[in-house]
S.K.: 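Below are the structure tokens for one structure; questions will follow.
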There are 2 protein chains.
Amino acid sequence: MGRWEPDARGRLAKAALELYAEHGYEQTTVAEIAKRAGLTERTFFRHYADKREVLFAGAGELEDLFVRAVADAPRAAVPLDALTVGLDAVAEMFADRREFARRRHAVITANAELQERELIKLASLAAALVDTLRGRGLAEPTASLAAEAAVAVFKVAFERWIAPGEERAMRQLIRESLTELKAVTSGV
Amino acid sequence: MGRWEPDARGRLAKAALELYAEHGYEQTTVAEIAKRAGLTERTFFRHYADKREVLFAGAGELEDLFVRAVADAPRAAVPLDALTVGLDAVAEMFADRREFARRRHAVITANAELQERELIKLASLAAALVDTLRGRGLAEPTASLAAEAAVAVFKVAFERWIAPGEERAMRQLIRESLTELKAVTSGV
DNA sequence: TTACGTGATGACAGAGACTGACATCAGGTG
DNA sequence: CACCTGATGTCAGTCTCTGTCATCACGTAA
């Protein structure tokens, strides 16, 4: 056995989600999270930049996955179709984590600071998509608008996917949201 | 003359923007802002909920203006046209404040925490637009997608409007961004 | 085996954001 | 003149987050 219990980072994330869910984000102190994980407050801040970031460790991977899928989409694909390839990749990644996503999202929805962090992660995703679309030859401001549209579709589809009782696959909800977006922007 | 210098709130906002621009947001303490405004730190927090909010006092008015314009758009107007009425109202409100908007936006762009706050203000705007569109009879998720699209158009047009050397009116940039959005979502 | 470097953690002090409670006091009101 | 009100000041305290130094199991090389 090593000197320390393994996976300190994961233990902190687990303790934080539990405590945020049990007592609320604001009512939970970092010292409490660290204690439940068998560590000290100082060590928490070595693993996570701040008290919010502990809920968003997976955002980078989601961004990488999305971006890579868009970049690898057929060169002939129209921007929105390339973005759809990325959306499908994200849907697949989430597929078997619906309950975890529900718990996590309930915590975030209950607190404005956490929503802010979620929004900037989505903004970062949008910015990365803009770069990728530009790399595919799309000009501004079209690239920004297409990226924002794709993120909007993701947001809407995700919220529907985690709605209580919802059982349809995220991929299907993404398809429906894309269709709705096309309809509403075509001025019907 | 009254017991206190007038417009404490405005003095705090002015001092904060100046100091954030001069030394950066993080390097500025609330005590310094209060001192420049001739007040104490405690009084700052009576006027603004936190150190960031002092830059976003106008967000509520922008939201009200936008929402009211959409609500008052002709009943026959298609969602995107109603939203365009709102965008035009916002453009008019900004018209004579381009230099102030540039200074303020430069401060926000330089700091992630301030960007988070900006994003949640835009999310609040989007949520208010959803309510308004629902009031006009639009169903979900179409209402959410239309609102997100309108906010995306605003973001893109605003950024172009404050770009160095840009002199075109915001209304025109909004028109162009709307056209781009329609093109990209129609799959061209 | 011994000496040394490395990396994850702990301990501690301190700055700064934010809050609650109470004090102050000019101006209005009866 | 007594009283109330509202904006501000003062002070103590909690919590987030950071810098710095100490600790110590483990791996590596002489």
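Residue numbers start from 1 in every chain, and the chains themselves are labelled A, B, ... in the order their sequence lines are given, proteins ahead of strands.
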S.K.: Choose from dT8(D), dT9(C), dC18(C) the nucleotide whose nearest atom is closest to any side-chain atom of W4(B).
M.R.: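 The closest nucleotide is dT8(D).
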S.K.: Verify, without hydrogens or angle tests, whether R36(B) (side chain) and K14(B) (backbone) share a donor-acceptor contact under 3.5 angstrom.
M.R.: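 No, the answer is negative, given that no donor and acceptor are paired below the 3.5 Å cut-off.
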S.K.: Send over the distance from E26(A) CD to dT19(C) C1', rounded to a whole Å.
M.R.: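 Rounded to the whole Å, the gap is 12 Å.
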S.K.: Looking at residues 27-43 of chain B, who's got a heavy atom less than 4.0 Å off DNA chain C?
M.R.: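 Within residues 27-43 of chain B, the residues near DNA chain C are T28(B), T29(B), V30(B), E41(B), R42(B).
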S.K.: So does R46(B) reach the base of dG6(D) with its side chain, donor to acceptor, closer than 3.5 Å?
M.R.: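 Answer no: no donor N or O sits under 3.5 Å from an acceptor.
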S.K.: Between H47(B) and dA7(D), is there a contact of a side-chain N or O with OP1 or OP2 at under 4.0 Å?
M.R.: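 Negative; the distance criterion is not met.
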S.K.: Do R103(A) and Y20(A) meet the cation-pi criteria used here (NZ or CZ under 6.0 Å from the six-membered ring centre, within 45° of the axis)?
M.R.: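 Checked: cation-pi criterion not met.
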S.K.: Looking at residues at least two apart in the chain, or sitting in another chain, which of them share a ring pair (Phe, Tyr, Trp, His ring centres under 6.0 Å) with F154(A)?
M.R.: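 Listed in chain order: F158(A).
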S.K.: Say whether, by atom type as modelled, one donor and one acceptor occur between the side chain of T185(A) and the main chain of K182(B) under 3.5 angstrom.
M.R.: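 Between the backbone of K182(B) and the side chain of T185(A) there is no qualifying donor-acceptor contact (under 3.5 Å).
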S.K.: Whole-Å distance between dG6(D) C1' and R9(B) CZ?
M.R.: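 Going from R9(B) (CZ) to dG6(D) (C1'), I get 16 Å.
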S.K.: Heavy atom of residues 16-24 of chain A under 4.0 Å from DNA chain C: which residues?
M.R.: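 The stretch gives none, as no residue of it lies under 4.0 Å from the strand.
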S.K.: Taking E159(B) for the side chain and V156(B) for the main chain, is one N or O donor matched with an acceptor at less than 3.5 Å?
M.R.: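 No, E159(B) side chain to V156(B) backbone: no donor-acceptor pair under 3.5 Å.
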S.K.: Could you tell me the separation between the CG atom of L12(B) and the C1' atom of dG9(D), rounded to a whole number of Å?
M.R.: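 Going from CG in L12(B) over to C1' in dG9(D) covers 14 Å.
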S.K.: Between atom OH in Y48(A) and atom C1' in dT16(D), what is the gap in whole Å?
M.R.: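 From Y48(A) OH to dT16(D) C1': 18 Å.
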S.K.: Expressed in angstrom and rounded to an integer, what is the separation of E53(A) atom CD from dT18(D) atom P?
M.R.: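 Taking CD of E53(A) and P of dT18(D), I get 12 Å after rounding.
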S.K.: Among dC17(D), dG7(C), dT8(D), which nucleotide has an atom closest to any side-chain atom of A8(B)?
M.R.: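 Nearest to the side chain of A8(B) among the choices is dT8(D).
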S.K.: For L138(A), is there any backbone N or O sitting under 3.5 Å from a side-chain donor or acceptor partner on R134(A)?
M.R.: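 Between the backbone of L138(A) and the side chain of R134(A) there is a qualifying donor-acceptor contact (under 3.5 Å).
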S.K.: Whether the side chain of R102(A) engages the backbone of I162(A) through a donor-acceptor N/O pair (distance < 3.5 Å, no angle test) should be reported.
M.R.: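 The answer is yes, because a donor-acceptor pair under 3.5 Å joins these two groups.
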S.K.: Whole Å only: how far is the CD atom of E5(A) from the P atom of dA25(D)?
M.R.: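 Taking CD of E5(A) and P of dA25(D), I get 15 Å after rounding.
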S.K.: Between atom NZ in K51(B) and atom P in dA15(C), what is the gap in whole Å?
M.R.: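 That distance rounds to 16 Å.
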S.K.: Just the rounded figure in Å: distance from C1' of dA8(C) to CZ of F45(A).
M.R.: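 Distance, rounded to whole Å: 17 Å.
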S.K.: Testing the 3.5 Å rule here: is there a donor-acceptor pair between the side chains of E148(B) and S144(B)?
M.R.: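 Their side chains do not contain a donor-acceptor pair, so the 3.5 Å distance test is not met.
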S.K.: Might you confirm whether atom CD of E166(A) has over 12 heavy atoms from other residues, nucleotides or ligands at distances under 6.0 Å?
M.R.: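 Counting other residues, nucleotides and ligands, CD of E166(A) exceeds 12 neighbours.
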